[in-house]
Structures are given as structure tokens and as C-alpha cells.
Amino acid sequence: MENTETALAETEPIRLRLFDWWSRYARDLPWRFGRTTPWGVLVSEVMSQQTQMSRVVPYWTAWMRVWPDAASLAAAPKAEVITAWGRLGYPRRALRLQECARQVASQYADRLPRDYDQLVALPGIGDYTASAVMSFAYGERIAVIDTNIRRVLSRVFLGRESKGGAASREERQLAWQVLPEDEDPEASDHRVNGDDRLETADPQIRSAAWREPPSARWNQAVMELGATVCVARKPACDICPLAGHCRFLKAGLPGLGSGRTRPRQRFAGTDRQIRGSILQTLRQASGAPVSRKDLKPLCDDEIRLDRCIASLDEDGLLEIGQDGSLSLPQ
DNA sequence: GTCCGGTGCG
DNA sequence: CGCACGGGAC
């Protein structure tokens, strides 16, 4: 850890440069800069768990217009929730989000808890999402740890790639060590507001970025840098605001892109693709029951087709009627 | 074809 | 810990 100490001496110039970059280049996503509710932030995080932010935006906007709070989502028919989830992917998360909404509505009187342990106990909310809500929505000082942040911090401060798998103790320690202090305790309250207007913001709203607590600003800026500049395979070091302070760049990018160990799972030709196409067919049927033979064109292997139908049934993503017809659940 | 990530479960 | 889980950008 001796190398870390010298790197940590540079945290202040790194912060200044990163904050400046963030205020100029942060993407103007509708759930940022205090323009939505804590619930809206949670919805954006759940949708972003699996999908690029740019793809999430139209879904989030439409979703929040229909279900602006947990109580309204809790009361929605499942079929409508699955349909609104559209092609975002991993549709079980849509059902988990609705179950989460039901718990928030019933257990917390439709107020999202401002407490990590209560958040992480909700369905579909793990360590990352609970931390993200605490930081981004409530301005609480907490280290947010996702793969983007792990990659950026490991490169900049340790000079090497982050390894695959769960975050190591060293990584968690580093994230807490470089997390800025929030001097003004009042500042952490300003994010709680009832304003969930969805229109595109004036670009000057970005001055709001400077009013967020430093820890929340830091978490978002590091994550944004990892998503747009310090990407896994081909980092754009030539435009990186931290290039002059990055130990990984200084060391010559040793083992660039070697961090991921997880063998990539193919998608084309897998059960997942079949499941997705079955669900899409049911969505397009808009409530009308679909027979098994209508799904034959999706998959020539009937054993596999039945397996996919059964797994969707187990996940609660479809219902099988008495006559064997299929439909989205109510 | 290759790349991409968090959550839940076994 | 290893694995399942979509879908689109490139």
C-alpha cells in the first residue's frame, strides 16, 4: 500500500480537474442535477444496471410519466409493467422493481428510505444501487462501487487494471480513502425535493453540478469518466482530464483491458434470445392470449421452446391458461 | 462476430 | 465463489 500513499497525495488536483470536467461534459440525463425524486433516481439506477444510459432515457421518461412514484407502480397490472419495460432487457428486473415499489408503498408510506440497510433489503436493490441512491438522491457521503469506478480508481491511483469478480477489500478501502469530505452538512439536504419535471433542462442547469455535495459529485464524475473516457478496452487518454495524474498511463497502460476475467456469454442462439422473442410476441399481442403454435416460428426446437416457456412461467413473466394459451400476467 | 454490468441464487 | 439473466452498439 506504500504506492497508494504517494498517489493519494494527488487527490486534490485530481478532484479539481475531474470536477471541472464533470461540470462541462456530464451528460444531461433527466434524473441528474436534482430534477427528480429519490424514487426517480432509483428507477434510473435499476434501468441502468443493464443498459447504456442513452437507451434508458426514453424508457425512464415514459415510465416516470405513467408511474411517478412507488404507489402508482405498485398498483399497476404486471402486464403493463412488462410492456413498459420494453426491450430494456432482463425483464425480471421490471417485476422486481414493481415488488420494490409495493414494499416502499406499504412499508414506508410511499417514501423511499434514506437508509442503506433498508434500501439494500428491497428486491432488486443490491450494494451498488443502494449506495448510488444514498449518494445521488440523498447526498449522503458513501463510497459507490461499480465496475466503472473500480476501473478508474484502480488505474488512476494504483496504476493497474482492476481484476474481475467482486470488489476486493483494497478497492473498497481506496474508494473510501479518495471520497471527498462534505464540509457543509446542510448541503446534503438540498437534494430532497418534490420536483420531478421531466423536460430537458437548460444547459445552465449544469451549474447545479457544483451545488451537489462533493462526495456525490465525485461518485458521479468518476463513474461518468469510466463510462465515457476511461473505458475498458480503448481508453481515450488523449482527452482525459486526469491524464497528467494517472499512474496507469504513466506506467504505459500495462495489461490494458486484461481486467475482465469473466468468459463472455454468447447471446445469439441462446435460450435468453428465445425468451426475449417470446416476451416480445406477448407484448405485441397486447393482452390477447397466444397459443404455443404461434410461437413455433421463434424456435424450431420444441423442447427448447417449452423449456423457455416454462422458465418464463417460473419467473412470473407469463401465465399459462387452462387451454395452454400464453399471456402476460395480470 | 465483440463489447458491455448489477442482482440473486445455488 | 460461479452462473443466469437481454439486447443493442460497434
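Here is the naming used below: chain letters follow the sequence lines, and residue numbers restart at 1 for every chain. On a predicted model such as this, the values are computed, not experimentally measured, just so you know.
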Can you measure [X] atom [atom1] to [N] atom [atom2] for me and round it to whole angstrom units?
X	N	atom1	atom2	answer
A:Asp315	C:dG6	CG	P	7 Å
A:Leu88	B:dT7	CG	P	16 Å
A:Leu317	C:dG7	CG	C1'	15 Å
A:Lys234	C:dA9	NZ	C1'	14 Å

Salt bridge (charged side-chain N to carboxylate O under 4.0 Å, His left out): which pairs involve residues 282-297 of chain A, sequence neighbours left out? A:Arg292-A:Asp306, A:Lys296-A:Glu302
Select base, sugar-phosphate, or nothing to describe what [X] touches, counting heavy atoms under 4.0 Å on all strands.
X	value
A:Tyr128	sugar-phosphate
A:Ser48	nothing
A:Asp127	sugar-phosphate
A:Ile125	sugar-phosphate
A:Arg150	nothing

Whole-angstrom distance between C:dG8 and B:dT7, as gauged at atom P: 22 Å
Taking the side chain of A:Arg151 as its heavy atoms from C-beta onward, which of B:dG5, B:dG8, B:dC4 lies nearest to it? B:dG5
Spell out yes or no: do the side chain of A:Tyr90 and the base of B:dG5 have one donor N/O and one acceptor N/O closer than 3.5 Å? yes
Return the 5'-most residue of the pair A:Thr51, A:Pro123 with respect to DNA chain B, ranking by each residue's nearest nucleotide. A:Thr51
Connected-component partners of A:Phe248 among ILVMFWY, side-chain separation under 4.5 Å: A:Leu249, A:Leu253, A:Leu256
Within the side chain of A:Asp271, is there an N or O that forms a donor-acceptor pair under 3.5 Å with the backbone of A:Cys308? no
If only atom types and distance count, is the side chain of A:Ser258 paired as donor or acceptor with the main-chain N or O of A:Gly255 below 3.5 Å? yes
